[in-house]
Amino acid sequence: MEKSKLAIAADEILRAATIWLLSAICLRYLIKELYLIILIATSITMLATLLIRHYYSKKNMTAKNIKQTDDAMRELLVSDRSALLDKLSNALGGYVASNAVISQNTVIYPYFYGKLPLDKLNLAYNAALGNNKKLIILCAETSAEVEKNLDLFSDIPVAILRKNQAYAFLQKYGLLPETKVRPKKKLHFLKNALKKSKIKGYLSAALILLVTAAFSPYALLCIIAAAVNITMSILCEVKGN
């Protein structure tokens, strides 16, 4: 997912703030009068940009969920239809007939092999109408022809669960296909320590240490540890992956 201008600006501000705070810590005993003001101002800036980063990490999670759904749809595209029907019938306590699962109150018709065509909807509708049950269609997407003629199917309730809704339905019954996951490469300790995902952790630790320094008898050790954390966050930004 491409970063917006606001996200890029937040990264730049955060980088500048961390470098400046590191410099301030190094000069701590030369600028005693200004140190507290610098600490407060820079901490506020860093906290604000960390909040912005948190917001965009949530957006990245949304992108990850979209990818998981797309991966599942691709797996269903090449899956064995009869196996999926058997799993559905077992999960719902029904039986398989007319390429659909007939349960107590509904007929569930899965179709993940391209856009749902009108003739397949007709077959599913007739099966449900013959059993006088509600029809639920599970699919990735529907054809334009289906969308155009959907209001013709009104004698029984018809629910078409597309992509995200179909994913949620299958997830509810534990019927999502297994997606192929690439094995994770073993990371060298240094590479792992310099991952960009660790920036927030380093900066959070640095801020806690700096606040602790104001009350602790070991203020110098806290400041040194904070400086190390801030240095690591800068290295993550510059060298991280």
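- Heavy atoms of other residues, nucleotides or ligands lying less than 6.0 angstrom from NZ of Lys133 number more than 12.
- Heavy atoms only, all atoms of each residue included: Val101 and Ser89 are closest at CG1-CA, 3.6 Å.
- With a 6.0 Å radius and a threshold of 12 heavy atoms from other residues, nucleotides or ligands, Asn132 has its CG atom at or below the threshold.
- Linking ILVMFWY side-chain heavy atoms closer than 4.5 Å, directly or via other members, places Leu150 and Leu135 in a single hydrophobic cluster.
- Put simply, Tyr173 and Leu85 are part of the same group of oily side chains (I, L, V, M, F, W, Y) that touch within less than 4.5 Å, one to the next.
- Under 4.0 Å is where a charged nitrogen must lie from a carboxylate oxygen, and between Asp70 and Arg74 no such pair does.
- Gln165 contributes atom CD, which lies 10.0 Å from atom CG of Leu138 (distance to the nearest 0.5 angstrom).
- Pairing each heavy atom of Ser143 with each of Pro117, the nearest pair is OG-CA, 3.9 Å.
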Determine, step by step, whether Tyr167 and Phe169 satisfy the ring-ring contact (aromatic ring centres under 6.0 Å, His included) criterion, reporting the C-alpha distance in whole Å, the side-chain angles of both residues, the deciding distance to 0.1 Å, and the verdict.
CA-CA 5 Å; Tyr167 181 92; Phe169 183 93; over 10 Å; no

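- At a threshold of 4.5 Å between side-chain heavy atoms, the hydrophobic network of Ile, Leu, Val, Met, Phe, Trp and Tyr places Leu123 and Leu88 in two separate groups.
- Contact detail for Ala140 and Phe112: the closest heavy-atom pair is N-CD2, 3.8 Å.
- Contact detail for Leu175 and Ala91: the closest heavy-atom pair is CD1-CB, 4.2 Å.
- Taking the ring axis of Tyr109 as reference, the NZ or CZ atom of Arg81 stays within 45° of it and closer than 6.0 Å to the ring centre.
- Residues Ile156 and Phe153 share a hydrophobic cluster, clusters being chains of Ile/Leu/Val/Met/Phe/Trp/Tyr side chains in contact below 4.5 Å.
- The minimum heavy-atom distance linking Pro110 with Asn99 is given by the pair CD-O, 4.2 Å.
- Rounding to the nearest 0.5 Å gives a distance of 4.5 Å between CD of Glu145 and CG of Leu118.
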